[in-house]
Structure formats: structure tokens, C-alpha cells
Number of protein chains: 2
Amino acid sequence: MSAPIRVVLADDELLIRTALAQMLDLEDDLSVVAEAANGEHAVTAAVKYAADVAVLDLQMPKLDGIAAAEQLTRLLPGCGCVIITSHGRPGHLKRALAAGVRGFLPKTTSAATLAAVVRTVHEGGRHVDSELAAEAIAAGDSPLTPREADVLELAATGAPIDEIAHRAALSPGTVRNYLSNAMTKLGAANRHEACATARRLGWI
Amino acid sequence: MSAPIRVVLADDELLIRTALAQMLDLEDDLSVVAEAANGEHAVTAAVKYAADVAVLDLQMPKLDGIAAAEQLTRLLPGCGCVIITSHGRPGHLKRALAAGVRGFLPKTTSAATLAAVVRTVHEGGRHVDSELAAEAIAAGDSPLTPREADVLELAATGAPIDEIAHRAALSPGTVRNYLSNAMTKLGAANRHEACATARRLGWI
DNA sequence: GGTTCCCCATGACAAACGTCACGGGCCGCC
DNA sequence: GGCGGCCCGTGACGTTTGTCATGGGGAACC
């Protein structure tokens, strides 16, 4: 048998990270060569240890899984990226694939699947969870313009218009127009409902 | 050495559950006798296998970790409950302790700590993460009346007043009064900010 | 060079929202 | 029995928000 696949594992929750590392290490052909608690560290560690595959949690401090994958595919093209996540939002899957990610799994999948996907990705293949893929296709593309998404994201904190306008360096009237457009596109009755749907679909 | 501590593990994410189970099983004096994907199943499994300690994820379908712990302390008083969670909200800790939980840990703790807490709880002791405890004390008790919390929870979806009023079987005016009160108590400029604060503190 | 889309802005109008004052009914407590 | 707290409701008032019409500037594309 050839040398084991060198895996870097990144997850901000120590307990989970340790458990997953142990689990992956139990596979004969996998070897966890480094662990990281955030995206930045994941990238440097993957480069340092010349990893074959990076298993990245989606939500992490500093650099999230997708941003880390993006850097990684540039800095270390031979390294495949697998994203695992608790919340499978359609938009995240799209952005991940655009960033060069070749594996995308919810944390509800089995351990066997994760190991299998790591192997598949290492061989240059792809694998995305079929349910998530279906959702992504059903949800379609984000109808929001970049600016609308920006403003909607600021609105998600619950701040009033003036606050949003100030933080986005826009006139209050413009903010209202953007929000109104976004609400129409998302079929929401108010901006907070719009924020909720946009978040659910991974569009902000 | 005496018989190993019989542990039931509940977490809705299969990958995580499997990994944690394997990890706990690696400890000589711990034995994972059952796994559950939701609170209901956790309770029945704990009873069925006469578990010594239940390790429960906070957010689960059907019955969340706290509700499961509440039932468990009634149905199987000898069984200690440990809650693990990704989001350490002060309010959750309080409710957990009130429900008879004796261990409360964020998922950012180490594997060694989890095992140690399981042992402590089995021996009748308590352990809550010190940082979480500090936050809980700093945050104080919820100033919201039960009804205010109800309404605020309904408001969290972003629904307009009429919708909230209908769902709570209240007059729109009353809803606005409750929300206004809640906003004042939470120092929020609008109800969505109030929802955000209340959620952050685990009060809804 | 026209069309289209995004960006940014203004002004006016109606609806939703937040505040305040006030009332009654119920319960628990001193 | 008074007091306070929570429950629920109404009405009035001013502010915020959502909608719509309108316009100019810039980039992309045919």
C-alpha cells in the first residue's frame, strides 16, 4: 500500500476537532498531520505540511472554510478541500464550489462517508451531499445585487436605517431603496423577514 | 477496578456523535452504551440501558438537551446529565442548572475535560465551564416576563405585528405594548435588536 | 450609439411601528 | 384589605419604514 493521505483538519471547536482527528486517524490510509482552530492557521499548516486534503469546518473565526479553501487552492493547488458544516445553506455550497472546493458535507453524514469523500477528493474527484445539491438547485441563484446583499447584511443586526446608512456610507433613502428591492426579490413583508430568508438560503 | 461508567450520548449530528462516542470509549473507565439523535430517544435509551451519565447536546430536534435532562432527572434520578453546546448562552446555563444538569461545557473544551466532567458528575459532583459561569453571573436574570418572552420569540421570525398578534391570540395593541416593554428592558432601539439581544443572552 | 444593468440619490405618500397614558381583571403577599 | 405585579386591552401621537416615481452617472454588451 502507498503512503497514507495527509490530512489537515480545521474546526474551531476543540472537542469536535479532537474527536474527528482521532476518528480519521483510525482509517489505515488516512493520517491527520495537523489541526487548526481557524482558517488562517489551516492554510499555513496545510502549506507547511504539504497536505493532500484539507477538511475545513465552514464557520470559523479569522477565515471561514470557504475563504480558507480559496487561498489554499491558490497556494497549494495539489491539495483538495472538503467542507463540513452544521448548516447546509444552498448559497454556501455554490460559493464553496466556486472557490475550488471538491467535497461538501453536512455534519449529519456518517463517518464512513467523510472518509470516503476524503479519498475521492484526493483522487481528484468531487462529492457533494445529494440533499444539499438538490436544495442548491431548487433555490437557484441569488437575485440580489452585491450592494443589496451588503445592505441586507448590515440590516441583519436589527439596526435602524440611519445606522445602516452610516455604516454603508450611503444616504438613508438609498438604503431604503435597496432594502425595498431586496424585499421584493425575496418576497418578504419587511426587511427582517428578508434577512431571515437570505440567511436561510446562504445569500448573505 | 470497578465497572465502567455507562454513558448515553445524544447529538443530532451523526458525524460528531460517532466521533465523540469513539473518543469517550477510548477512556478505560467509560463505556458508551447508547447513542441518540434527539432528546426523546436519549431519554428512552438512558432508561432502557440504566445509564450512569447522559451527555446531551443542547440543540436537538424533538426535545432539546435541557428538556431531555429535565425528564431524565425525574425518570432516572441516579443518572447525571452533562450538557455540551456550541453556543454558550448565559440563560441556557441557568435553565440547565434548574433542570438538574450537573455538567455544562462548551464544545471548545478539551476531550480530557469532558471525560473528567463525566467522572465528576457520576460521583455526584458538579462542573460548569468557568467562563460560561462568569458570563451567566454578569448577565443576571432575565428581566422579561413570560409573556414578553413569548411575544419576543414570535417576533424573532421577522413577522409583522398582526401576524404575531394572531399567533399569540392577542390584540395587536397588546403585542406592541409587550414589545415596547421588552425593548425598554433590553435597551434596544427596535424589536429586532431586542430579539438579537435576548437570543444572545439565552433569554428566548 | 443605443440598451441594459447597477450604482446613488431625492421627494412624497401611506402604512407600520414605538411610545405614552389609561383602564380593568386577576393573583399573591404583607 | 391595600399593594404590587402580571395579564390584556384601547386610543392617540409622532416617528420609522416601505413604496413609488424620477433622475443622473458609469460600465458592459451588442
Side-chain angles (χ1 to χ4, degrees), chain A residues 91 94-95 98 139-204, chain B residues 91 94-95 98 139-204:
Chain A
K94 298 206 173 190
R95 269 186 289 157
D141 278 322
S142 170
L144 303 174
T145 69
R147 218 64 181 110
E148 282 164 4
D150 286 350
V151 173
L152 205 54
E153 190 150 17
L154 287 173
T157 62
I161 294 269
D162 286 341
E163 166 91 7
I164 303 174
H166 181 254
R167 289 218 266 170
L170 287 175
S171 125
T174 306
V175 170
R176 290 200 286 172
N177 287 338
Y178 282 153
L179 289 177
S180 186
N181 285 339
M183 287 161 54
T184 307
K185 288 177 180 176
L186 299 178
N190 57 54
R191 63 193 143 125
H192 304 286
E193 207 178 306
C195 289
T197 39
R199 229 188 248 298
R200 183 166 43 80
L201 296 172
W203 288 342
I204 59 171
Chain B
K94 297 205 174 191
R95 270 187 288 157
D141 278 321
S142 169
L144 303 175
T145 69
R147 219 64 181 110
E148 282 164 4
D150 287 350
V151 173
L152 204 54
E153 189 150 17
L154 287 173
T157 62
I161 294 265
D162 288 340
E163 165 91 6
I164 302 174
H166 181 254
R167 290 217 266 170
L170 286 175
S171 123
T174 305
V175 170
R176 291 201 289 174
N177 286 339
Y178 281 152
L179 289 176
S180 186
N181 284 338
M183 286 161 54
T184 307
K185 288 178 180 176
L186 299 177
N190 57 54
R191 65 194 144 120
H192 304 285
E193 207 178 307
C195 289
T197 323
R199 230 189 247 297
R200 183 166 43 81
L201 297 172
W203 289 342
I204 60 169

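In what follows, chains carry the letters A, B, and so on, assigned in the order in which the sequence lines appear, proteins first and then strands, with residues in each chain numbered from 1.
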Check the phosphate of dT10(C) against T174(A), side-chain N and O only, distance under 4.0 Å to OP1 or OP2. Yes or no? no

Between I161(B) (CD1) and dC17(C) (P), how many Å, whole number? 5 Å

Can you find a side chain N or O atom of R176(B) that sits less than 4.0 Å from OP1 or OP2 on dT19(C)? no

Nearest nucleotide by nearest heavy atom, which residue falls closer to the 5' end of DNA chain D, A169(B) or P143(B)? P143(B)

Rounded to whole Å, CZ of R191(A) lies from P of dC17(C) at a distance of 11 Å

Rounded distance (nearest 0.5 Å) linking atom CG of L144(B) with atom CD1 of I204(B): 8.5 Å

Distance in angstrom units between L144(A) CG and dC7(C) P, rounded: 11 Å

Do any side-chain nitrogens or oxygens of S180(B) fall under 4.0 Å of OP1 or OP2 in dC17(C)? no

Has T184(A) got a side-chain atom pairing as donor or acceptor with S180(A)'s backbone, closer than 3.5 angstrom? yes

Rounded to whole Å, CG of N181(A) lies from C1' of dA9(C) at a distance of 13 Å

Kindly point out which of dC6(C), dC8(C), dC20(C) is positioned nearest to the side chain of T145(A)? dC6(C)

Reading DNA chain D from 5' onward, which residue's closest nucleotide shows up sooner: S171(B) or N190(B)? S171(B)

Whole-Å distance, L170(A) CG to dC6(C) C1', equals 13 Å

Donor-acceptor pair, distance only, cut-off 3.5 Å: does the side chain of N190(A) make one with the backbone of G158(B)? yes

What distance do I161(B) atom CD1 and T174(B) atom OG1 have between them, rounded to the nearest 0.5 Å? 10.5 Å

Can you measure N177(A) atom CG to dG11(C) atom C1' for me and round it to whole angstrom units? 11 Å

Roughly how many Å is it from OH in Y178(A) to P in dC7(C), rounded to a whole number? 5 Å

Nucleotide dA16(C), atom C1' - distance to CE of M183(B) in whole Å: 13 Å

By the definition side-chain contact (heavy atoms from CB on, under 4.5 Å), identify the one residue from V151(B), D150(B), T157(B) that meets it with R167(B). T157(B)

Under a criterion of less than 4.0 angstrom to any heavy atom of chain B, what are the 5'-terminal and 3'-terminal contacting nucleotides of DNA chain D? dC6(D) to dA12(D)

Main chain of S142(A), side chain of K185(A): is a donor-acceptor contact present, judged purely on distance under 3.5 Å? no

Can you find a pair of side-chain heavy atoms, one from R191(B) and one from I164(B), that are under 4.5 Å apart? yes

